[in-house]
Amino acid sequence: MGVQVPPRTRTPCPCGLPESYEECCGRFHGGAAAAPTAERLMRSRYTAFVRLDAAYLLRTWHPRTRPARLDLDPGTRWTGLEILAAEAGSAFHSTGTVTFRASFRGGSLHERSRFERVDGAWVYVDGEFLD
């Protein structure tokens, strides 16, 4: 009899999709791939907030609106992302919007974010708070 190895547990990506972090947003964060749609970029940016990855957030921010630096609060505990609407933002578009609600311990953030392509890659432009 051989030694049985327990199956690997796969923790779903924080963005809400069923893939593991490595298969989902991790490949965007690591630079192995670029987010193919505005919605996937939105999801990867949410996951970057969860993981305190300020470098990825700045890298995926439009140069026209990008802050000089980003200080993330390690005390914020993000608890979920709900995509409410996505308009345009596919491989066939140059702009798109994603409306979402990001929950954190103690509240939530409801925003309509605008995205554009810069040199073929989706980037975050800005957002409008809705609540």
Side-chain angles (χ1 to χ4, degrees):
M1 283 211 254
V3 175
Q4 286 196 330
V5 178
R8 272 183 73 197
T9 57
R10 292 173 22 118
T11 304
C13 189
C15 81
L17 295 177
E19 293 92 2
S20 69
Y21 167 75
E22 291 78 17
E23 295 168 334
C24 194
C25 294
R27 59 199 176 104
F28 305 141
H29 293 173
T37 65
E39 180 181 333
R40 287 302 295 259
L41 181 64
M42 171 59 236
R43 288 179 179 279
S44 72
R45 286 177 56 83
Y46 168 82
T47 299
F49 275 102
V50 171
R51 297 177 62 88
L52 302 174
D53 188 347
Y56 179 78
L57 292 166
L58 290 169
R59 200 167 59 245
T60 58
W61 211 309
H62 196 293
R64 183 175 74 238
T65 57
R66 178 188 307 133
R69 57 182 272 188
L70 190 59
D71 296 317
L72 301 178
D73 181 358
T76 301
R77 295 290 176 246
W78 296 98
T79 58
L81 176 66
E82 180 183 7
I83 302 296
L84 303 172
E87 300 167 21
S90 78
F92 304 106
H93 300 104
S94 58
T95 63
T97 62
V98 178
T99 304
F100 67 93
R101 179 170 280 111
S103 300
F104 55 90
R105 195 173 297 147
S108 68
L109 172 75
H110 187 196
E111 181 178 311
R112 181 180 301 113
S113 295
R114 292 185 321 127
F115 298 88
E116 291 180 10
R117 282 187 185 268
V118 172
D119 298 328
W122 285 107
V123 292
Y124 171 78
V125 177
D126 59 20
E128 170 190 3
F129 295 115
L130 300 175
D131 283 342

Task: Ser90 and His93: side chain donor to acceptor below 3.5 Å - done: yes

TODO: Please tell me if the side chains of Arg101 and Leu130 come closer than 4.5 Å, counting only heavy atoms from C-beta onward.
DONE: no

Task: From CA spacing to verdict: salt bridge (Lys or Arg N to Asp or Glu O under 4.0 Å), Glu116, Arg64 - done: CA-CA 11 Å; Glu116 291 180 10; Arg64 183 175 74 238; 3.3 Å; yes

Task: Rounded distance (nearest 0.5 Å) linking atom CZ of Arg114 with atom OG1 of Thr97 - done: 9.5 Å

Open item on the list: Is there a side-chain contact between Ile83 and Phe100 in this structure, where contact means two heavy atoms from C-beta onward sitting under 4.5 Å apart?
Closed with: yes

- [ ] Kindly compute the distance separating SG (Cys25) from CG (Leu17), expressed to the nearest 0.5 Å.
- [x] 7.0 Å

Open item on the list: Tell me whether Val125 shares a hydrophobic cluster with Val98, the cluster being built from Ile, Leu, Val, Met, Phe, Trp, Tyr side chains joined at under 4.5 Å.
Closed with: no

- [ ] Tell me yes or no: between the side chains of Tyr56 and Ser44, is some donor less than 3.5 Å from an acceptor?
- [x] yes

Open item on the list: Between Arg40 (side chain only) and Pro36 (backbone N and O only), is there a donor and an acceptor less than 3.5 Å apart?
Closed with: no

Open item on the list: Could you see if Phe49 belongs to whatever hydrophobic cluster contains Tyr21? Use Ile, Leu, Val, Met, Phe, Trp, Tyr and a side-chain cutoff under 4.5 Å.
Closed with: no

TODO: State, with a plain yes or no, whether a side-chain heavy atom of Met42 is found less than 4.5 Å away from one of Ser113.
DONE: yes

Task: Atom pair CZ/CD of Arg112 and Glu87 - distance to nearest 0.5 Å - done: 7.0 Å

Task: Residues Glu39 and Thr37: side-chain donor-acceptor under 3.5 angstrom - done: no

- [ ] Calculate, to the nearest 0.5 Å, the distance between atoms CD and CG belonging to Glu111 and Asp126 respectively.
- [x] 8.5 Å

Task: Stacked cation flag Arg43 on Phe28, 6.0 angstrom / 45 deg - done: no

TODO: Please work out whether the ring planes of Phe115 and Tyr124 are parallel, tilted or perpendicular, with thresholds of 30° and 60°.
DONE: perpendicular

- [ ] Look up atom CG in Leu41 and atom CH2 in Trp61, then write down how far apart they are to the nearest 0.5 Å.
- [x] 11.5 Å

Task: Side chain proximity check, Leu52 to Pro74, heavy atoms < 4.5 angstrom - done: yes

Open item on the list: What I want to check is whether the side chains of Arg45 and Thr60 have a donor and an acceptor closer together than 3.5 Å.
Closed with: yes

Task: Flag, side chain of Arg59 to backbone of His29, donor-acceptor distance under 3.5 Å - done: yes

